[in-house]
Number of protein chains: 2
Amino acid sequence: MIDRIDRRILSILQEDSTVPVAEIGRRVGLSTTPCWRRIQKLEEEGVIKRRVAILDARSVNVKVAAFISITTSQHNADWLAKFADVIREFPEVVEFYRMAGKVDYLLKVVVPDIEAYDAFYKRLISKIDISDVSTTFAMEEIKNTSQLPLNYVVTEKTREPAKE
Amino acid sequence: MIDRIDRRILSILQEDSTVPVAEIGRRVGLSTTPCWRRIQKLEEEGVIKRRVAILDARSVNVKVAAFISITTSQHNADWLAKFADVIREFPEVVEFYRMAGKVDYLLKVVVPDIEAYDAFYKRLISKIDISDVSTTFAMEEIKNTSQLPLNYVVTEKTREPAKE
DNA sequence: CGCGATTGAGAAAATTTTTCCCTTAAATTT
DNA sequence: AAATTTAAGGGAAAAATTTTCTCAATCGCG
């Protein structure tokens, strides 16, 4: 079970995973070893999934983000499995959800520009047969974070009321 | 300018930032020092924005993702600035875009369940006056990665044709 | 009360990052 | 084409950090 100290550790690592364990320990009031063990445990339990470098979209030339809403008449597991496999092949697709409601699937795609989007789109529909598609483009990215809110974490005995 | 080696380094770090510099060097055919210097440079230039821990949404009790489409009659910079500030306060909002087309803004929000979504929604509309809102829920997260495609990176002299 | 079980701490070992100094290769100037 | 600067790589050593090991304190509970 995650406790308050774990939560603070997670908060720090979500923000910046380069801070040394000793420093994390200092901030949460622990010495290096127990702090290190907690982090280790959080990794083993899968609470921490991975540690990654976050790149600047502009620098890697993907300045345009598009959201693609897909509605399909196909609703069986096989079709979805195939669809999912195809999608996973495209590195441009950074998010992919099955949705409730009118739209069946939602994709977030990143590409350099509109032309590249069009090229991507053609490749996509050539690979898989989808009936109804609609795309909207993001003009401005106001917020985009990998940090999940930690105020809903179930800690020892008490559910905390919302508060970061 | 980013070259092929840099791109391979970025690819490795995007996937797993815990691999030692010496090992990265080995994989890209460099010794530790020049590899380390390249990484340093990529950080200074802002190509690498940060290094973070990615948490498991389930483990931190945010099992539901919702997309909120907002249409407003307000279209001036002041209103947007205020709106953006309000939104940034909510840790539940992990993405926030200004869109082209019918919908003005798109938010991605993560919460534990539908009730929590409703509570969030009430807090949101109490803080800011928005006219037209529509929410759709993700039933299944099929793909969600922080890894940007690197096939569009402009490397020395030649633009690479699409190929991961 | 005592007895595991859990959690924390300090010191030391192992690994990794970072610095320093030197060599090579490429580019630029004359 | 020679000379000179500039950029990039490499090895070894220093510094910092992670990881292991051993031991002490604390807590829950029969």
Side-chain angles (χ1 to χ4, degrees), chain A residues 1-56 59-61 146-147 150 153-160, chain B residues 1-56 59-61 146-147 150 153-160:
Chain A
M1 176 74 20
I2 294 172
D3 66 9
R4 283 159 208 76
I5 295 180
D6 287 332
R7 205 169 62 178
R8 291 176 62 193
I9 292 172
L10 291 174
S11 171
I12 293 166
L13 288 177
Q14 255 199 138
E15 168 94 28
D16 177 7
S17 64
T18 68
V19 333
V21 180
E23 167 64 14
I24 298 173
R26 206 191 50 70
R27 291 194 207 165
V28 305
L30 239 47
S31 74
T32 308
T33 306
C35 185
W36 182 83
R37 273 200 294 246
R38 278 167 179 268
I39 294 170
Q40 207 64 11
K41 189 144 166 277
L42 289 166
E43 281 169 350
E44 278 162 16
E45 288 169 340
V47 178
I48 295 173
K49 281 204 292 192
R50 54 202 341 207
R51 286 148 178 275
V52 302
I54 301 291
L55 307 188
D56 177 54
S59 301
V60 297
N61 197 29
S146 56
Q147 291 167 244
L150 297 177
V153 174
V154 182
T155 53
E156 317 256 279
K157 25 196 166 297
T158 43
R159 274 172 194 269
E160 310 276 313
Chain B
M1 175 75 16
I2 294 172
D3 66 9
R4 283 159 209 77
I5 295 179
D6 286 332
R7 205 169 62 177
R8 292 176 63 193
I9 293 172
L10 292 174
S11 170
I12 294 166
L13 289 177
Q14 255 199 141
E15 168 95 29
D16 177 6
S17 64
T18 67
V19 338
V21 180
E23 167 64 14
I24 298 172
R26 206 193 51 70
R27 292 194 206 164
V28 305
L30 279 178
S31 74
T32 308
T33 306
C35 185
W36 181 84
R37 275 196 293 245
R38 278 168 179 269
I39 294 169
Q40 208 64 11
K41 189 145 166 276
L42 290 165
E43 280 169 351
E44 277 162 18
E45 288 169 341
V47 179
I48 296 172
K49 282 204 291 191
R50 55 202 339 208
R51 286 149 179 272
V52 302
I54 302 291
L55 307 188
D56 176 55
S59 302
V60 297
N61 196 31
S146 56
Q147 290 167 245
L150 297 177
V153 173
V154 182
T155 53
E156 318 256 278
K157 26 197 166 293
T158 42
R159 276 174 192 267
E160 311 278 314

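The basis for the numbers below is simple: all heavy atoms, side chains too, and nothing from hydrogens, waters or symmetry mates. Every chain is numbered from 1 and lettered A, B, ... according to where its sequence line falls, protein lines coming before strand lines.
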I need the CE-P distance between B/Met1 and D/dA8, as an integer number of Å. 12 Å
Under 4.0 Å, heavy atoms only, any strand: does B/Arg38 hit a base, just the sugar-phosphate, or nothing? sugar-phosphate
Nearest listed nucleotide, side chain of A/Pro20, among D/dG10, D/dT17, D/dT20: D/dT17
Starting from P on D/dG9, measure out to CD1 on B/Ile9 and report it in whole angstrom. 9 Å
Between CD1 on residue B/Ile24 and CD1 on residue B/Ile39, distance to nearest 0.5 Å: 4.0 Å
Considering only D/dG10, C/dA9, C/dT17, which nucleotide approaches the side chain of B/Ser31 most closely? D/dG10
Does this structure show an ion pair linking A/Arg50 with A/Glu43, if we count only N-O contacts that are shorter than 4.0 Å? no
Taking B/Arg27 for the side chain and B/Arg8 for the main chain, is one N or O donor matched with an acceptor at less than 3.5 Å? no
Expressed in angstrom and rounded to an integer, what is the separation of A/Ile39 atom CD1 from D/dT20 atom P? 13 Å
Which sits closer to the 5' end of DNA chain C, B/Thr32 or A/Cys35, going by the nucleotide each is nearest to? A/Cys35
Could you state the atom-to-atom distance from CZ of A/Arg26 to C1' of C/dG10 in whole Å? 18 Å
What is the separation between atom CZ on A/Arg4 and atom P on C/dT7, rounded to the nearest whole Å? 14 Å
Go through D/dT18, C/dT19, C/dG8 for me and flag the one nearest to the B/Trp36 side chain. C/dT19
Expressed in angstrom and rounded to an integer, what is the separation of A/Leu30 atom CG from C/dG10 atom C1'? 14 Å
hbond_proxy A/Thr33 side chain to C/dG10 base (donor-acceptor, 3.5 Å cutoff): yes
Whether A/Arg38 and A/Asp3 form a salt bridge (side-chain N of Lys/Arg under 4.0 Å from carboxylate O of Asp/Glu) is what I want to check. yes
Between the CD1 atom in B/Ile48 and the CD atom in B/Gln40, the distance rounded to the nearest 0.5 Å is 9.0 Å
Take the C1' atoms of the five end pairs on each side of the helix from C/dC1-D/dG30 to C/dT30-D/dA1, derive the two axes, and give their angle rounded to 10 degrees. 30°
Calculate, to the nearest 0.5 Å, the distance between atoms CD1 and SG belonging to A/Ile5 and A/Cys35 respectively. 9.0 Å
Once you round it to whole Å, what is the distance between C1' of D/dA16 and CD1 of A/Ile24? 15 Å
C/dG8 P sits how many Å from A/Arg37 CZ, rounded? 8 Å
So does B/Arg26 pair up with B/Glu23, basic N to acidic O under 4.0 Å? yes
